[in-house]
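In the text below, chain A, chain B and the rest are named by the order of the sequence lines, each starting its count at 1.
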Number of protein chains: 2
Amino acid sequence: MNGVNQDMLPDQLHQALAAIVGPDRLLDVDNDRFTYSYDGSFLPLVPAHRPDVVVFPRDVGEVVRIVRLCNDHRVPLVPRGAGSGRTGGSIPVNGGVVLSLERMNRILEIDRKNMMALVEPGVRTMDLGRAVEDVGLFYPPDPSSWTVSTMGGNVAENAGGARAVKYGVTKDYVLGLQVVLANGAVIDTGGKAVKNVTGYDLTHLFVGSEGTLGVITKILVRLISKPKAKKTLLLMFGSIDDASECVTDMLSSGIVPASAEIMDKTSIQAVARFRKVDIPVEAEAALLIDIDGPQILLDDQAGAVTEMARQHQAVQVSVAQTSAEADELWVLRRTMGPAVAAIAKNKIGEDISVPRAALPEMIRRLGEIGRKHGLTIAVFGHAGDGNLHPSILADLSEAGARERVDQAVAEVFRAALEVGGTLSGEHGIGITKKPFIEEALGKEGVRALRAVKHALDPNGILNPGKIFE
Amino acid sequence: MNGVNQDMLPDQLHQALAAIVGPDRLLDVDNDRFTYSYDGSFLPLVPAHRPDVVVFPRDVGEVVRIVRLCNDHRVPLVPRGAGSGRTGGSIPVNGGVVLSLERMNRILEIDRKNMMALVEPGVRTMDLGRAVEDVGLFYPPDPSSWTVSTMGGNVAENAGGARAVKYGVTKDYVLGLQVVLANGAVIDTGGKAVKNVTGYDLTHLFVGSEGTLGVITKILVRLISKPKAKKTLLLMFGSIDDASECVTDMLSSGIVPASAEIMDKTSIQAVARFRKVDIPVEAEAALLIDIDGPQILLDDQAGAVTEMARQHQAVQVSVAQTSAEADELWVLRRTMGPAVAAIAKNKIGEDISVPRAALPEMIRRLGEIGRKHGLTIAVFGHAGDGNLHPSILADLSEAGARERVDQAVAEVFRAALEVGGTLSGEHGIGITKKPFIEEALGKEGVRALRAVKHALDPNGILNPGKIFE
């Protein structure tokens with residue numbers, strides 16, 4: 001896969017691409033190349049990561065011609081949405097062509113009868129969300145980047161979000177794809193028949209494949225009916241274990257919250273300082289719970305959740321009575337990122353996913369890892385599904401800090417694997433987690449991934465250097 | 001893939017396999033070979049479909065040795081569960097070894113805290129269902145074969161069922177697999193972390209791959225909390241369109257039934273004759289609706305559904321007040337298979353899946369196809385997700401009947417594709433639908449499937465002759 005060795009000079013490449021998209025939809029001056037050399041990850045900027053050219057195709061025909069050109073001349077091709085990814089998935093580490101899908105951003109159809117939408121990859125997740133809400137429908141996946149991230153990027157990384165505990169992640173909504181393969185062939189996978197066992201499930205092979213198996217040019221997603229009502233509860237506990245057990249009790253009892261966000265003491269206090277929120281001194285953990293559904297159910301469920309929280313020695317229970325109050329409670333979670341960032345020079349945010357029951361153990365281990373390396377680790381995340389975002393706080397300008405952080409990050413990943421979890425819940429592997437993939441999947445597991453990659457992209461032109469070596 | 005050409009004599013193969021599983025877990029006399037030469041499909045019996053040997057491994061170590069042996073000597077290997085499949089997926093069309101997973105039938109773990117179960121492939125679906133219900137949990141997929149079918153077979157075919165409209169199909173519950181690859185390597189995919197984007201989604205590549213990519217030796221499924229209560233409604237309509245529109249209205253309004261089974265006039269009348277049920281003469285279609293969830297919701301929803309049915313000119317509405325009454329209503333659907341079979345010498349049951357909104361159009365076309373070929377086609381199926389089971393009724397002993405049926409079946413598949421649907425909703429492709437796969441997926445689509453197959457099974461030993469040529 002590292003054998004990509006382009007046989008075209010930059011000038012020839014430029015000319016051939018200009019012949020496809022025209023001079024207006026092509027960038028190759030230094031400033032622009034710099035702009036497309038990084039993403040939403042915390043990676044140091046590297047000149048080698050600059051693409052030779054950035055192109056903006058407008059339709060699948062142009063994509064086919066670009067892919068063929070790159071395949072014929074062994075030019076690395078890196079598909080890109082909004083570049084908001086967290087693991088370097090859209091960084092052109094070997095240069096070559098960045099294929100930006102920003103201009104393919106039309107919502108092609110909202111099919112109300114079948115409750116589906118067909119979109120181009122450049123559509124912003126938020127724009128799809130709003131368009132379908134306008135007709136009473138709902139697209140549940142809500143990655144926190146949703147105001148900027150694109151559907152193509154969400155599909156490529158199998159993006160999650162806070163609502164995953166009840167509604168699942170991106171892959172649970174993708175019914176079909178149009179994909180341009182490395183050889184330029186266009187295939188359609190899946191379709192509007194929701195039950196479909198015709199051949200291997202290529203749709204879900206492409207979802208989460210981080211642009212390494214094909215270029216996604218159309219996405220068919222299913223929608224659901226918009227939940228009628230919502231209720232928000234903020235619960236404070238004396239220990240992480242109590243908070244975690246409370247979530248388990250809810251799910252066992254059949255109450256599946258739309259969101260169940262957990263925050264540790266460091267995180268809560270960071271927000272308290274940032275926003276002057278009043279937090280009980282004995283609060284070691286907070287749970288922010290959204291329940292949604294028919295109004296008739298919500299009061300009942302809110303009562304049951306309150307009772308469960310009391311059984312787990314909750315030190316404070318707040319139930320929002322209005323949507324303004326709910327927004328007020330959500331401030332805690334919504335300002336978490338900047339609030340935590342404000343208490344340290346640098347914040348290195350991670351994404352791990354563990355079995356839900358292993359959550360207290362994982363949080364305990366995060367504390368140990370932090371203490372060992374003299375680092376504070378703030379923890380928040382999605383308790384309902386065991387997906388945590390530990391934030392390592394450091395001052396990277398200090399001597400040795402980068403090394404300590406790197407060691408801590410490696411230990412965080414290993415701890416996640418040891419408790420039965422995995423490297424990534426919703427951010428993908430990209431380049432930041434690539435060194436750990438073999439520990440997670442085993443030699444034979446990675447060999448199987450490679451075999452699939454080689455089958456669909458024998459020349460290794462598609463987003464090379466990602467997921468595995 | 002057709003290059004399987006075993007280089008072992010039957011005697012040598014027998015000895016080598018006996019050395020692995022011992023003489024007691026190996027069958028190779030004619031009677032036994034016959035027993036393992038067919039499945040639940042309607043295929044004529046063919047002597048060439050008899051396996052050379054049937055083996056019953058007890059653990060993954062034995063499976064590895066059997067797979068290696070077959071791979072080394074290019075012996076076709078056909079994994080098999082209960083043999084209840086409908087499309088010939090477990091038939092050893094090239095002979096070779098049938099690897100029966102019947103003896104690997106332990107429920108290894110029911111993890112109540114994480115709400116998951118780990119099972120061996122030979123566990124019967126019903127046995128898992130009952131075991132988890134005993135602890136208040138619920139495994140929703142309910143293929144009608146569930147009293148005999150195995151979890152391994154369900155995963156291999158991505159089995160569906162009546163509850164799919166609300167709860168999804170088998171793939172929606174599989175979180176991880178242990179798989180023995182064609183080269184004998186054992187890989188673990190997925191795991192107990194429910195959000196998992198570590199590498200390609202191999203789990204869902206194996207689900208529905210019909211035993212052609214690896215032998216599944218462990219299955220990790222997620223469970224949900226058992227629904228608190230259930231209510232059953234039987235609605236009779238003056239037209240298929242009205243019935244179909246009523247389902248669309250329910251879903252749009254946010255009422256997602258646990259089941260929404262549709263039956264056409266031929267089907268209803270067949271049952272009426274079979275069980276002496278009273279059916280209004282003007283009933284052209286019936287909907288059998290289950291709604292489930294918290295008790296507090298059900299009366300409300302039942303009222304809303306009744307009102308929607310009235311708006312669509314329902315000619316009869318029955319709401320079960322007790323579970324005995326509910327069972328009585330379900331008789332209509334449960335005796336559908338035998339009742340329809342009883343009105344003709346032969347019943348050729350099919351499985352197609354179309355966009356839900358295309359259901360009336362598809363049923364209209366089924367009528368046309370039947371009339372054209374002088375055949376009655378009874379239609380019932382899962383209206384909530386557009387998955388229909390047309391039953392072609394014929395007397396195959398009549399001259400030319402087989403040909404007329406074959407033509408009708410081909411036209412049924414084409415019609416499904418024309419209305420935007422697909423060849424199979426829950427039965428797989430196997431050998432019966434293989435001739436149509438290229439029409440469904442296109443040349444390039446099938447080429448992509450073949451590339452994946454070749455990557456994971458380069459010698460083509462795993463269940464050869466299935467899905468595609």
Query - Interatomic distance, Leu205(A) atom CG to Leu449(B) atom CG [nearest 0.5 angstrom] - result: 10.5 Å
Query raised in the report: Which of the residues Gly428(B), Gly421(B), Gly168(B), Gly386(B) is involved in the greatest number of heavy-atom pairs with chain A at under 4.5 angstrom?
Result: Gly428(B)
Query raised in the report: What is the distance from atom OG1 of Thr198(A) to atom NZ of Lys433(B), rounded to the nearest 0.5 Å?
Result: 7.0 Å
Query - When Gly425(A), Gly199(A), Ala455(A), Ser209(A) are compared by non-hydrogen pairs under 4.5 Å with chain B, the top option - result: Gly425(A)
Query - Side chain to side chain, Glu444(A) and Asn183(B), heavy atoms closer than 4.5 Å - result: yes
Requested in this report: May I ask you to name which of Leu181(A), Asn387(A), Thr248(A) has the most heavy-atom pairs under 4.5 Å with chain B?
Outcome: Asn387(A)
Query raised in the report: Taking C-beta and beyond as the side chain, do Val197(B) and Ile429(A) meet within less than 4.5 Å on heavy atoms?
Result: no
Requested in this report: Can you establish whether the number of heavy atoms outside Lys434(B) located under 6.0 Å from its atom NZ is more than 12?
Outcome: yes
**Report entry** Contact class of Val354(B) relative to chain A, heavy atoms under 4.5 angstrom
**Finding:** backbone
Report task. Can you measure from CG (Asp249(B)) to NZ (Lys113(A)) and round to the nearest 0.5 angstrom? Result -> 9.0 Å
Query raised in the report: Using non-hydrogen atoms only, which part of Glu245(B) is less than 4.5 Å away from chain A: side chain, backbone, both, or neither?
Result: side chain
Report summary line: Comparing Gly160(A), Ala357(A), Gly293(A) against chain B, the one with the most heavy-atom pairs below 4.5 Å turns out to be Ala357(A)
Query raised in the report: Between Ser225(A) and Leu251(B), what is the shortest heavy-atom contact and its length?
Result: CB-O, 3.6 Å
Query raised in the report: Relative to chain A, which of Arg112(B), Lys192(B), His427(B) shows the most heavy atom pairs under 4.5 Å?
Result: Lys192(B)
Query raised in the report: Considering only heavy atoms, which portion of Asp111(A) lies under 4.5 Å from any heavy atom of chain B: side chain, backbone, both, or neither?
Result: neither
Requested in this report: May I ask you to test the Leu297(A)-Pro294(B) pair for a side-chain heavy-atom distance under 4.5 Å?
Outcome: yes
Requested in this report: Could you tell me which of Ala448(B), Ser353(B), Gly420(B) has the largest number of non-hydrogen atom pairs under 4.5 Å with chain A?
Outcome: Ser353(B)
Query raised in the report: If you round to the nearest 0.5 Å, how far is CZ of Arg356(B) from CE of Met116(A)?
Result: 7.0 Å
Query - Under 4.5 Å from a heavy atom of chain A, the part of Ile296(B) involved - result: both
Requested in this report: Measure from the side-chain N and O atoms of Lys195(B) to the backbone N and O of Gly161(A), and report whether any donor-acceptor pair falls under 3.5 Å.
Outcome: yes
Query raised in the report: Measuring heavy-atom distances to chain B, does Ala440(A) have an atom under 4.5 Å in its side chain, in its backbone, in both, or in neither?
Result: side chain
Query raised in the report: Does any heavy atom of chain A fall under 4.5 Å from the side chain of Thr203(B), the backbone, both, or neither of them?
Result: neither
Query raised in the report: Hey, which of Ile437(A), Asn196(A), Ile224(A), Val256(A) has the most heavy atom pairs under 4.5 Å with chain B?
Result: Asn196(A)
Query raised in the report: What part of Lys171(B) lies closer than 4.5 angstrom to a heavy atom of chain A: side chain, backbone, both or neither?
Result: side chain
Query raised in the report: So which part of Ala164(B) gets closer than 4.5 Å to some heavy atom of chain A, the side chain, the backbone, both or neither?
Result: side chain
**Report entry** Under 4.5 Å from any heavy atom of chain A - which part of Leu423(B)
**Finding:** both
Query - chain B contacts, top residue of Ser424(A), Gly442(A), Gly136(A) (heavy-atom pairs, under 4.5 Å) - result: Ser424(A)
Requested in this report: Mind checking the CG-OG spacing from Leu137(A) to Ser252(B)? Nearest 0.5 Å is all I need.
Outcome: 7.0 Å
Report task. State which residue, out of Leu441(B), Val452(B), Val207(B), fulfils the side chain to side chain contact (heavy atoms under 4.5 Å, CB included) condition with Tyr200(A). Result -> Val452(B)
**Report entry** Side chain, backbone, both or neither of Lys228(A) within contact of chain B (heavy atoms, under 4.5 Å)
**Finding:** side chain
